[in-house]
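As structure tokens, the structure follows; a few thoughts come after it.
For clarity, every value in this text was computed on a predicted model and none was experimentally measured.
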Amino acid sequence: MTRDLSPFELAPLVQRELPSAAVSPTTPALMVEPGSLLAVARLLQESPTLKLDYLVSVTGVDYLDYLEVVYHLASIALNHRVVLKVQLPRGDKPTVPSLTSLWRGADLQEREVYDLMGVYFEGHPNLKRVFLWEGFVGHPLRKDFLY
């Protein structure tokens with residue numbers, strides 16, 4: 001059975017390896033500041049004790065006051081998983097770094113979150129709509145979307 005890694009056991013490891021990374025453990029996820037996301041994700045992927053080598057999913061959530069991007073990561077070799085979350089302020093262009101340089105599987109999932117939620121993934125190699133046509137106004141999964 002796959003074991004969920006506790007954010008409370010991950011946070012000290014991340015803070016020891018990346019002292020400038022802004023992370024905080026919450027239940028059941030490790031909350032990461034947008035500016036630290038790429039470094040933290042790389043650490044989780046490359047750490048020999050974690051080997052989080054598989055990006056399971058990238059999703060977006062609208063909480064009215066802020067947007068959240070949620071990453072589910074897993075280690076195939078070590079059979080454990082973790083959830084990372086990034087909170088973004090609402091606004092015209094909420095932005096988070098793309099993780100396509102670490103996991104190629106992030107490509108289409110980040111495009112989906114961009115298309116339907118309006119989150120921009122900085123550094124994405126091909127950030128364009130995947131479901132809706134270019135020129136469509138708005139992002140239909142946002143709570144403030146009016147059709």
(request) Using the test side chain to side chain donor-acceptor pair (under 3.5 Å), find all partners of His72 that sit at least two apart in sequence or belong to another chain. (result) Ser57
(message) Suppose we screen for side chain to side chain donor-acceptor pair (under 3.5 Å). Which residues come up paired with Thr100, at least two apart in sequence or across chains?
(response) Ser98
Same apolar cluster: [X] and [Y], side chain cutoff 4.5 Å:
| X | Y | answer |
| --- | --- | --- |
| Ile76 | Val56 | yes |
| Leu108 | Tyr71 | yes |
| Leu67 | Leu141 | yes |
| Val14 | Leu78 | no |

(message) Is there a side-chain contact (heavy atoms from CB on, under 4.5 Å) between Gln45 and Leu52? Walk through the geometry before answering.
(response) CA-CA 5 Å; Gln45 181 190 53; Leu52 291 160; 5.5 Å; no
Gap between atom [atom2] of [Y] and atom [atom1] of [X] - 0.5 Å precision:
| X | Y | atom1 | atom2 | answer |
| --- | --- | --- | --- | --- |
| Glu33 | Gln87 | CD | CD | 8.0 Å |
| Leu30 | Glu9 | CG | CD | 11.0 Å |
| Arg16 | Leu13 | CZ | CG | 5.0 Å |
| Thr26 | Met31 | OG1 | CE | 4.5 Å |

Can any side-chain N or O of [X] pair as donor or acceptor with the backbone N or O of [Y] at less than 3.5 Å?
| X | Y | result |
| --- | --- | --- |
| Arg81 | Leu73 | no |
| His124 | Leu127 | yes |
| Glu110 | Val58 | no |
| Arg129 | Phe136 | yes |
| Asn79 | Met1 | yes |
| Ser36 | Ala22 | yes |
| His80 | Asp4 | no |
| Glu112 | Val130 | no |

Looking at [X] and [Y], what are the two nearest heavy atoms and their distance?
| X | Y | answer |
| --- | --- | --- |
| Gly60 | Val113 | N-CG2, 3.9 Å |
| Pro97 | Leu37 | O-CD2, 3.9 Å |
| Arg42 | Leu102 | N-CD1, 3.5 Å |
| Leu88 | Pro34 | CD2-CG, 3.6 Å |
| Ser75 | Asp53 | CA-OD1, 3.4 Å |
| Leu55 | Gly105 | CD2-C, 4.2 Å |

(message) My understanding is that a hydrophobic cluster links ILVMFWY residues whose side chain heavy atoms are under 4.5 Å apart, including indirect links. Using that, what else belongs to the cluster containing Val83?
(response) Val61, Tyr63, Tyr66, Val70
(request) Using the salt bridge (Lys or Arg N to Asp or Glu O under 4.0 Å) rule, collect all pairs that involve residues 87-102, keeping only residues at least two apart or in two chains. (result)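 Matches after skipping sequence neighbours: Asp62-Arg90, Arg90-Asp144.
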(request) With sequence neighbours excluded, tell me which residues meet side chain to side chain contact (heavy atoms under 4.5 Å, CB included) with Asp65. (result) none
(message) Does Lys143, at its NZ atom, have more than 12 non-hydrogen atoms belonging to other residues, nucleotides or ligands within less than 6.0 Å?
(response) yes
(message) Does Leu64 have more than 12 heavy atoms from other residues, nucleotides or ligands lying within 6.0 Å of its CG?
(response)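 Yes - once you tally the heavy atoms of other residues, nucleotides and ligands closer than 6.0 Å, there are more than 12.
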(message) Among Phe121, Phe131, Tyr120, exactly one meets ring-ring contact (aromatic ring centres under 6.0 Å, His included) together with Tyr114. Which residue is that?
(response) Tyr120
(request) State, with a plain yes or no, whether a side-chain heavy atom of Leu84 is found less than 4.5 Å away from one of Leu44. (result) yes
(request) Check the pair Leu132 / Leu116 against side-chain contact (heavy atoms from CB on, under 4.5 Å), numbers first and verdict last. (result) CA-CA 8 Å; Leu132 302 167; Leu116 301 175; 4.2 Å; yes
(request) Mind checking salt bridge (charged side-chain N to carboxylate O under 4.0 Å, His left out) for Glu68 and listing every partner two or more places apart, or none if nothing turns up? (result) Lys85
